[in-house]
J.: 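Let me begin by handing over the structure; questions about it come next.
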Amino acid sequence: MPKKVIPILMYHSIELMPKSTVMRSLHVSPRSFKIQMQLLNILGYKGLSMRELTPYLEGEKTGKVVGITFDDGYRNNLINAAPILNQYNFTATCYLVSERIGSSNTWDIDKGITQCPLMTHSEIQEWISAGLDIGAHTLTHPLLEELSEQKSKKEILNCKIKLEGIFNIPIKDFCYPYGRFNESHLTLVEKAGYRTATTMTRGRTTLESNILKLPRIPVTNRTLPHLFLAKILTKYEDRR
Ligand SMILES: [Zn+2]
């Protein structure tokens, strides 16, 4: 029997960007995103937020499901991705950097990476009203490995408290900035009360995956339809 696998897709920005864009690969065009959601739908997959995916990850539910995640909270997720997700009755989780709401990806400035607007409070509220979900991506998007235990705890726990306070919903899903963490962060995430945490480790999840360090499948502007299918249906990502 092949192991039951559940792919979790990792997106960032959904926007057609000019050629001059630094790290253009992180921007998937709305047209490509639509084709990808259409393919999932044709194959009989349901795209789910991490909250809705959790019972499948824990083996309580079975079915053809795919997790859909967006890192950082870009405004274009609301403008370009939300209508397409709604069209297919899919949900998704957008991981927010709570101290950067309404700002931009300032943590990338030093690296010269193109800045893009992040959702404001009211835009996040629109995202939630569209039936989509939010998760935590720390207060300021630091490299957790470079912080003291105390500062890491604050970044992980206070993001949850802040988002719950503003949006009045329980925040159960966490995503490590840059996908970087160590064992002590795993404990902090668990103690903060999160149920899932995603990384940038490549692969599809199985029932054996540690729910606090879930692998994901990166989708970039170079993920053409045949590659998208290979990433979901084959061991393409698992071997990497
Ligand atoms: Zn991020």
Side-chain angles (χ1 to χ4, degrees), residues 8-15 17 21-28 33 49-51 53 67-82 92-121 123-124 127 132-147 151-160 162-163 166-167 171-182 185-186 188-189 192 194 196-203 212-223 237:
I8 300 175
L9 303 175
M10 174 179 71
Y11 290 97
H12 285 79
S13 154
I14 306 297
E15 183 116 59
M17 296 290 279
T21 306
V22 179
M23 284 289 277
R24 190 159 176 253
S25 64
L26 293 177
H27 304 271
V28 172
F33 183 72
S49 65
M50 292 308 295
R51 194 187 304 270
L53 194 68
I68 303 177
T69 64
F70 297 90
D71 288 14
D72 305 336
Y74 295 102
R75 173 180 288 156
N76 59 45
N77 295 174
L78 173 69
I79 296 166
N80 297 325
T93 295
C94 186
Y95 294 114
L96 305 172
V97 181
S98 61
E99 299 291 325
R100 297 292 177 268
I101 289 171
S103 173
S104 64
N105 47 320
T106 54
W107 56 88
D108 286 331
I109 288 178
D110 291 354
K111 285 150 257 165
I113 295 172
T114 304
Q115 293 291 294
C116 280
L118 299 173
M119 283 189 267
T120 62
H121 286 131
E123 286 165 340
I124 295 164
W127 173 265
L132 303 169
D133 205 5
I134 57 171
H137 199 30
T138 71
L139 294 174
T140 65
H141 207 287
L143 196 51
L144 290 172
E145 290 165 312
E146 288 179 352
L147 300 184
K151 282 191 175 156
S152 291
K153 184 183 173 183
K154 197 176 157 209
E155 286 280 348
I156 293 166
L157 176 62
N158 290 17
C159 178
K160 183 178 196 290
K162 184 159 184 198
L163 293 175
I166 301 171
F167 300 106
I171 302 293
K172 290 293 189 188
D173 306 292
F174 183 79
C175 174
Y176 302 95
Y178 311 102
R180 301 288 295 272
F181 62 95
N182 60 36
H185 302 127
L186 230 67
L188 290 172
V189 165
Y194 293 106
T196 75
T198 46
T199 67
M200 288 171 83
T201 306
R202 296 176 69 162
L212 296 180
K213 46 176 174 180
L214 295 164
R216 289 189 291 175
I217 294 174
V219 185
T220 72
N221 75 341
R222 288 185 288 267
T223 310
E237 289 288 331

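Since we're looking at a predicted model, the values are computed, not measured. Atoms within a ligand are numbered from 1 in the order they appear, just like the ligands themselves.
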J.: The Zn ion (ligand 1) and H137: any N/O/S contact shorter than 2.8 Å?
T.: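 A backbone or side-chain N, O or S atom of H137 is under 2.8 Å from the Zn ion (ligand 1).
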J.: Tell me whether H141 has at least one N, O or S atom under 2.8 Å from the Zn ion (ligand 1).
T.: yes
J.: Quick one: report the N, O or S atom of D72 that is nearest to the Zn ion (ligand 1).
T.: OD1
J.: Take the angle between the ring planes of Y194 and F174 and call it parallel below 30°, perpendicular above 60°, tilted in between.
T.: tilted
J.: More than 12 heavy atoms of other residues, nucleotides or ligands under 6.0 Å from NZ of K162: is that the case?
T.: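 More than 12 within 6.0 Å, yes.
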J.: In terms of the angle between their ring planes, are W127 and F70 parallel, tilted or perpendicular, with boundaries placed at 30° and 60°?
T.: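 Ring orientation, 0 to 90° scale: perpendicular.
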J.: Can you tell me how far CG of L139 sits from CD of E99, rounded to the nearest 0.5 angstrom?
T.: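 Those atoms lie 5.0 Å apart.
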